[in-house]
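Residue numbers start from 1 in every chain, and the chains themselves are labelled A, B, ... in the order their sequence lines are given, proteins ahead of strands.
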Amino acid sequence: MRHITAISDLSVQEIDALIMKARDIMANPGRYQEACRHKKLATLFYEPSTRTRLSFEAAMYELGGQVLGFSQAEASSAAKGESVADTIRTISCYADLIAMRHHKEGAPTVAAHYATVPVINAGDGGHNHPTQTLTDLLTIQMEKGRLGNMTVGLCGDLKFGRTVHSLIEAMCRYPGVRFVLISPEELKVPSYVKIPLKQGQVPYEQTTDLQSVMPRLDILYMTRVQRERFFNEDDYIRLKDSYILTPAKLELAKPDLSVMHPLPRVNEIALAIDQDPRATYFKQTLYGKYIRMALILMLLEVQA
Amino acid sequence: MNIDSINNGIVIDHIKAGQAMQIYDFLNLGALDCPVAIIKNAVSNKMGRKDIIKIDSVLDVDLNALGYIDPAITINLIKDGERVRKYHPELPATITNIIRCRNPRCITSIEQELPHVFKLTDREKDEYRCLYCESKAGK
């Protein structure tokens, strides 16, 4: 039994295998529709989610399995003060696999310690979001045909943006990747996220100016400034409109740029961009279901 | 000033002057009923001034955890009045409930019963990070 609390829990070879499996599921969905029959996935979402929770649930249903769980902390015994440990011990009795989102960083690590079934971190505060990273990697592979030798721009809230942290950790293991980190000073990448960059001697630069770096990017990964991560509303209001991708800015980009976003967006990508063939974020959402199907099969050790 | 030598126990030497009470509290020496001597500001050729703690009992604690406080400390184990081992504590791979995570977003901030565990992430920089949220430990 194993848990996935961070993308580093998976080797490059395992990630490649998951991507291959997701592509096979896309090509041959009928082969997998009974693969998880009589298996149950518990989705424990202490924090709101649209895509992650529903894609986990859709993934399990498409594998022929069943789903139970809650979509807000108030609907569970957490509202009565129950600890993560006790909740997880309980859910382990009812489900074969747990996907957990929590607003506090490290909660899935606690869950993994007490669970008797595999635990997947479905996002913990501003910390990690490994299945979003798997989604992002599948998207890049599908759009670019490779995962190395490219310049990846990450833009917006790089401090609290957990998807960014996990994506950096994953992509710096592929050769020829260069990062451009675009954020306001107050929302720069935390020091611990830069450790793998420094250890792997991966080239990166930090800037506050999106336009000047735009022509060099192969991937532009936009993020939302997340109101829920701020203790101070004034700070949020001051920073929320730091970067807005408009058609004028996109004109500066390569014709084969992929614009990605983990969603939800607020206003950081103008609606007019949705029509541009470089907008990849809705396809990214679809890929998220397939990669989660592949991960569920792996953790449940289902051969299909 | 004379302090009796001990027969069976531990002498923690080369403690930075002023740090003895931190170690006293960390090892919870106040709970012992054996003789414990704290010598503050002793003259040291190497350090100028140093603190020393003598414990007249064999403690069942991981003294390597002292390496987090100061790896230059010397630990002397005494048996039958003789020193049987002298060593510097190594930086422990993990430390539990010695320091607390200060990240208000960490799960430890709302779950009071969780142990505060830190992992050694960079031996050269003496850097520890929270097991749960990966925030850097502040000494």
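Here the closest heavy-atom approach between residue A:N128 and residue B:E134 is recorded as ND2-OE2, 3.8 Å. Of all the heavy atoms in B:L131 and A:T109, the pair that sits closest is O-CG2, 4.1 Å. Closest approach of A:S191 and B:R129 over heavy atoms only: OG-NH2, 3.8 Å. Between B:Y132 and A:H127, the closest heavy-atom pair is O-CE1, 3.2 Å.
Checked against side-chain hydrogen bond (donor to acceptor under 3.5 Å, both in side chains), B:S109 has the following partners two or more places apart in sequence or in another chain: A:K104. A:R2 is linked by a salt bridge (Lys or Arg N to Asp or Glu O under 4.0 Å) to A:E14, counting only residues two or more places apart in sequence or in another chain.
Within 6.0 Å of atom CZ in B:R100, 12 or fewer heavy atoms from other residues, nucleotides or ligands are found, so the atom counts as exposed in its surroundings.
Contacts of residues 10-24 of chain B with chain A at a heavy-atom distance below 4.5 Å are absent; not one residue qualifies.
Interatomic distance, SG of B:C130 versus CD of A:E105, reported as 9.0 Å (0.5 Å rounding).
Interface remark: B:E127 contributes side-chain atoms only to the contact with chain A (heavy atom separation under 4.5 Å). Heavy atoms closer than 4.5 Å to chain A are found nowhere in B:D122, neither backbone nor side chain.
Proximity of A:H113 to B:L114: side-chain heavy atoms (C-beta onward) are nowhere separated by under 4.5 Å.
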Can I get a per-line list of side-chain donor-acceptor pairs under 3.5 Å for residues 77-91 of chain B, giving both atom names and the distance, sequence neighbours left out?
| residue | atom | partner | partner atom | Å |
| --- | --- | --- | --- | --- |
| B:R83 | NH1 | B:N76 | OD1 | 3.4 |
| B:H88 | ND1 | B:A72 | O | 3.4 |
| B:H88 | ND1 | B:I73 | O | 2.9 |

